[in-house]
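Letters A, B, ... are given to chains in the order of the sequence lines, protein chains preceding strands, and every chain is numbered from 1. No experiment lies behind these values; they were computed from the predicted model shown.
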Amino acid sequence: MSDQVTLSIDGVEVTVPKGTLVVDAAKRIGNDIPVFCYHPKMDPVGMCRMCLVRIGIPMFERGTGEPVLDEDGKQKYMFRGLQTGCTVQVSEGMVVESNTEVVEKARGDVIEFLLTSHPLDCPICDKGGECPLQNLTMRHGEGTSRFDFSDKLKGDKHVPLGDLIFLDRERCIQCARCTRFQAEVVDDPVIAFHNRGRRLEITTLSDPGFDSYWSGNTTDICPVGALTTSDFRFGARPWELKPSASICPHCPVGCNLTFSTRREAKAGGKQVIKRVMPRQNEAVNEIWICDKGRFAYHFVEDGERLQTPLIRKNGELVEASWDEALALVAEKLKAHKATAAGIAGDRLSNEDLYQFQALFREQLGNGNIDLAQRRLAGGDVVAQVGIAKGSNLLDLGAGDAILVVASDLHEEAPVWWLRVKQAAERGVTLVVVNPRETRLDAYAAHTLLYHPRKPLETVKQLVDTAKVELDGELDGLQAAAQALAEANNLVAFYGYEGLSYEETDSLARLLGNLLLMKKGDAVRAGQKNNGLVPVWPRNNTQGAWDVGLHPAYGPGYKKLAKAGLAAEGIYAGVAGGTVKALYVAGSDPIGDGLLAGRGNLEFLVVQELFLTATAQAADVVLPAQSWAEREGTYTSGERRVQRFYPSIAAVGQSRADWQILAQVTEQLGGEKVPFAASILFTQLAKKVAPYKGMDYRGLAKVEKQWPDVGGDDLYYGGNAYNNGSGLGVQWAAEAESKSLEAYKVSDVEANKGKGIQLVSAPALYRTGSLVDRSSVLAPRMAQPEISFHANDAQLLAVEDGDRISLRVNGQVLTATAHVNGQAQAGVAFLRGTAYQPTAVPQRIEKVSEKEA
Amino acid sequence: MYGARTLIAEKYAEEIKTILGRYPNSKSAILPLMHLAQNEYGFMSKEAMQEVADILGLDPTHVLSIAGFYTLFYEEPVGKYVLEICTDLACALRGGDEFLHMACDKLGVEPEGTTEDGMFSVKHVMCLGACDKAPMLQCNLKFEENLDEEKFDALIARLREEAASGKRAPTVVEKITSYAKDGE
Amino acid sequence: MEKHILLRHRDVENIHQLDVYLEHGGYEALKKCVTEYTPAEVIDIIKAANIRGRGGAGFPAGIKWSFIPKQAPVKYVVINADESETGTFKDRELLTFNPHQVIEGALIAAYAIGAETVYCYYRGEFMDIGYNCEQAVLDLRERGMLGDNIFGSEFSCEFHNHYGAGAYICGEETALLQSLEGNLGQPWSKPPFPAVEGLYSKPTVVNNVETLANVPPVIMNGAEWYTDMGTEKSPGVKVVCLSGHVKKPGNYEVIMGMSYRDLIYGEDYGGGMLGDRAFKAMLPSGGSGPVVTAEALDAPIAFEGLDAHGSLMGSASVIIMDETTDMVWAAMKMIEFFKHESCGKCTPCREGTFWMNKLLHRIYEGHGTAEDIKVLEDVAKQIKGKCLCALGEFAISPVLSTIAHFLDEYKAKVQVPA
Ligand SMILES: Cc1cc2nc3c(=O)[nH]c(=O)nc-3n(C[C@H](O)[C@H](O)[C@H](O)COP(=O)(O)O)c2cc1C
Ligand code: SF4
Ligand code: FES
């Protein structure tokens, strides 16, 4: 029996997959049956009754199965009065009436009911202009209301559900989209209905209020203006807003964003960002983003942004012209060609990073460039066995498996957490391997713990066990290994929690070998919906690898005959005096405690948004544009190259990083500065093999996506979701075109140091030079915490809840102690601190408050 | 998290264990536990909600939601004795409304109000399934039926006495909960 | 000699005690089922007897049981003891004084569908009548008549009492199941029906207390004995809750088909109108069934009995109103009930009951206009056929039926618009 069903809606035939709901089937043929409570990403509940239609089922004789015919020999149908199109699944031969008088009347009736309690304050409502209720009222509602206005139930209008979300109780139409989203989609049931009947209202008792990384999404799916974000409320009227596409710069997921901007007098008539919303990309973030992506952007408009170049003159950093500054930088670099080095941040764009390495390799003839800090290795492995082009986590289901190792996705890459969780709910076998419990464990079929002292042992066992067939009684690890071996498709995420950089390299190779195993007679790696996904520490670490911002690799993973200095070498050289000139772009090694100070440098140039600690030590400071002011591309952990666009004017005299670097290059005798990022990208694409043939036009391509959200239709339209600016392009891993040898895994000697192994546990809202500047997120920042195993706590005389200060190789940290079973013996997890401990066990001693 | 108190968890450890044993899913025990908590604290305070949430491993928001949905849970403090007087149609046809007002006048409170001494709260409620014995009320869930002014006075007197004596009879909730003792 | 089939406690003292119940043939029916009949045979008997649901809808219990998928590993029987319909108090009496008959019926249902757990869901306000049932369960367990291998058979079953917390909607079967799962007591949109996806998403039979009380006698005496009583469409006996303006309100067990007149005026029944005042109107099914007037008095008490009068027997909570009753006030009382009990999940009921309540108050208090009556009627019609569950649909009958029969009383209350 086929899994397609053919039915007719208002006489129009449509064939859709079994299980499709009537409203969705109608949408497929452009028939917008109005809905309020229904949302295509959630189970239907049939509450609001807006989608009422008449549905007929063909009648057949009991015995014979012959169709029952009416007088004039036509098929007879059984109708059951009005039914909700959002809850009824299509069936063969079904007829749906959605344009009859009865249905029109019903819609008008429901709208009238909804309006009896609605304040009708559209003129001052944030949703006004993009409000489904408003639109549907125009379309189906009566001009006048018979409901006596004095009878309206008054409700509180500005209820803060938390720091980020406000509720207007009068506007709420009780569709339960928000509560269902929190419960079903993200499993944070921290808002709920209170009371009943007409007094039904949304409340929370969580502490802090509306305690969820996902709260902002409820304001998108709210079909009225009841839920609004604290930073947008009354900020602007939707029709004044201009959408402009962007990419989230906070993690390797690469969520697609839309900025809503507006020209404002107080900004001198310039465009100002009023809000950030998700932009639909079903292969990346679907229609969701986390609250960090939505609320952290405020650093862009921070008053402390650098306005002009600065040059140190008799000890002081003073304003200077670009010409003066660029000339000085060029001159100094020329003077120190061989002894110059470069440190870049992996939040910079591909164009920036490409230009950075070109400047060094081509003009200075020196490859002393690296990222400020590398936490996760294996970019070369990812290039070979990374998740295959055309993969989509949405396509994984029963029979497939996902492996997550050494990463707390909920904190590091929230949207991946969400999509993996939902995959598990669709039947994917989830295996989680971490040094402690994480929020993903609840959905996992198998969870394994490793001890940070020997993190690879467990993974190695897992991979080896997957290679042999087992039966009979299986222990946890064996069962997990078998599940991975038997899976139809296998995606493996890997991170670095509790691992040294060297260990992450071995981890990548171990997992690489897992993926190079055969499933049936074909190797997994290279096949759609199979492969490795690195949980990079930053949004564009992948791009840095791709374009060759690496001491040992040139653009496109060309292994260099002679590697340049890596970060550690560079920092040592700065201190030791072998590195004389240092170029820092988009990172703050001094502030992050990676570099002690300018040491014996003769010249330090810093390219930044803010006057960071490193910038304060510089001879020249060059003001860079934020990603919202310029264009460029980032490459996600799934190797999707995605474009972001300029949406507001540059701050002060700031310039795009790539542009600054190109201008320095030109002064050093290099090519003329390309007059647009697009041109630079096309050059880059020629040098970076995997990007071959890519250009900005291609990256901007879009195609119709399902569900069809965000249009100005009366279905589930109304939110700035629709993607008109590009779905990006995923590049093919090597395994897709050639077969690969298994990796040799160097046996990293697990460090034998004494003392407690400090492991930093990630936090989504951790302090950082950018996030710190979002006042809305400030109250949500993770506070310094450290959790011990009971035994270790005893040795250190620490009690659960104590506020303690610790000395960890020199550094003194103050944090709240937890003894809550999270930590294994000999391990302590550090959360919410800027300090990044090394992977070597530490002697930890408690110090008195005043010493701290 | 709020300071996790688990007073009923200690006081009724055995009963709660039995009650939880009745369901494949602990969430199902939320109503029995909320009845217990309210019986203990007099009303569904935020702390009481948190306590139930902690026992069942739920977000306190869910307990708040349930407390708001059902009429038998009080989110505001109420009197020692809650008199729920039925004024629904069937009772009203036999003097339910008049009885309510008589009761309120006697106690000097408005419907839904509580006496100054915090002794009595009077609520008017929908059908309690005793229409043939109207006028009637429930006092802390105990049926009092075929009432009139005299019987009402007697009831109030009895309750005041009980309160004064300091030793009170087991409540309906306590009596029902006691059946959960010998771990089914 | 016993006169009652359901209200047996009126004939046999202390039948709520296990020993007394056993002395009088208690649990013979269950024993017979588990030792002599296959589950299928039990279902056939109940089907043949055509025991129709006493919760109001009148759906044949046997057919409902037969919907339960045989192969499903886990199934449940849930006794609906939420009894919150205005004017209903029959289940309360059965559970207080004759609990074993209900439990026995439920266990037979469990055997018939292959369930190993029975839950009895009482409205929270019934905690004060739960003692006998709680004791009954403990006694049964002690005697080994509950738990594993009942009567030495393969059949094992548990029984648990559960108390709600005040919500009429939790009588609606899907809302009841939600409430029992610890969720908000709001109904879900059917399908799925409980027989397919019920409690904890497992196949579940939800039956009314009285429905199940009918089961043991039918098993003992056979389907024919049962169908010989009552009307063709409504066999057997019915406990009727009589309240309002009658001399002797209370529960009466009547054979289906007896007239409402006899119920109200019969010496062994209502004993006539209170103060011998004149009869004005009757609500045959609490607030949920349309009001009828004197012309319906000779209609038979049966599921189909009031079809001709546009009303229904429902759960047979008969509320009698005499000549002194203000019908606008009565309608207002009923709408207050529905407004108060609407769960709020679906729009027409949530908003419609709120709106009708406002209009009725305005009209009753004399601030209304002729237009308000018109709007009131429109709103009721506007709710019709659009609600997620039947509560909203019930809520319109007090308005439409009082307007139909007593329009002049409404008119008298509204000032003529200038
Ligand atoms: C609003 C509403 C309230 C109800 N209340 C009850 C009730 O209190 N008791 C009951 O047995 N059935 C009640 N029902 C009917 C139940 O949904 C269900 O049909 C019944 O319990 C099935 O049992 P039966 O077939 O034995 O009658 C109610 C239905 C609705 C829509
Ligand atoms: S009809 Fe009323 S009670 Fe039923 S679902 Fe709708 S709101 Fe709830
Ligand atoms: S009931 Fe179908 S969209 Fe709300």
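Interface residue A:Leu114: backbone and side-chain heavy atoms are both found under 4.5 Å from chain C. With a 4.5 angstrom heavy-atom cutoff, A:Leu153 touches chain C via backbone and side-chain atoms both. Heavy-atom distances place no part of C:Leu359 under 4.5 Å from chain A, backbone and side chain included.
A salt bridge between C:Glu351 and A:Arg198 is present, with a side-chain N of the basic residue lying under 4.0 Å from a carboxylate O of the acidic one. The pair A:Arg169-A:Asp156 counts as a salt bridge, with a side-chain nitrogen and a carboxylate oxygen less than 4.0 angstrom apart. Contact check on A:Arg196 versus A:Glu201 returns no salt bridge, with no Lys/Arg side-chain nitrogen under 4.0 Å from an Asp/Glu carboxylate oxygen. Ion pairing of A:Glu101 with A:Lys105 is absent here, as no side-chain N (NZ or NE/NH1/NH2) approaches a carboxylate O to less than 4.0 Å. Note on A:Asp109 versus A:Arg49: no salt bridge recorded, every NZ/NE/NH1/NH2 to OD/OE distance being 4.0 Å or above. Comment: C:Asp372 engages C:Arg362 in a salt bridge, judged by a side-chain N to carboxylate O separation of less than 4.0 angstrom. Salt bridge status for A:Glu170 with A:Lys152: absent, with no side-chain N to carboxylate O gap under 4.0 Å.
Side chains of C:Pro194 and C:Thr174 form a contact here, defined as non-hydrogen atoms less than 4.5 Å apart.
Heavy-atom neighbours of chain C within the stretch residues 182-194 of chain A, taken at a separation under 4.5 angstrom, comprise A:Phe193. Taking non-hydrogen atoms and a 4.5 Å limit, the residue list of residues 82-90 of chain A in contact with chain C, ordered by number, reads A:Leu82, A:Thr87.
A:Tyr77 meets the side chain to side chain contact (heavy atoms under 4.5 Å, CB included) test with A:Pro58, A:Gln75, A:Phe79, A:Val95; sequence neighbours excluded. Applying the side chain to side chain donor-acceptor pair (under 3.5 Å) rule to A:Lys41 yields the partners A:Glu282, A:Glu286; only residues at least two apart in sequence or on another chain are considered.
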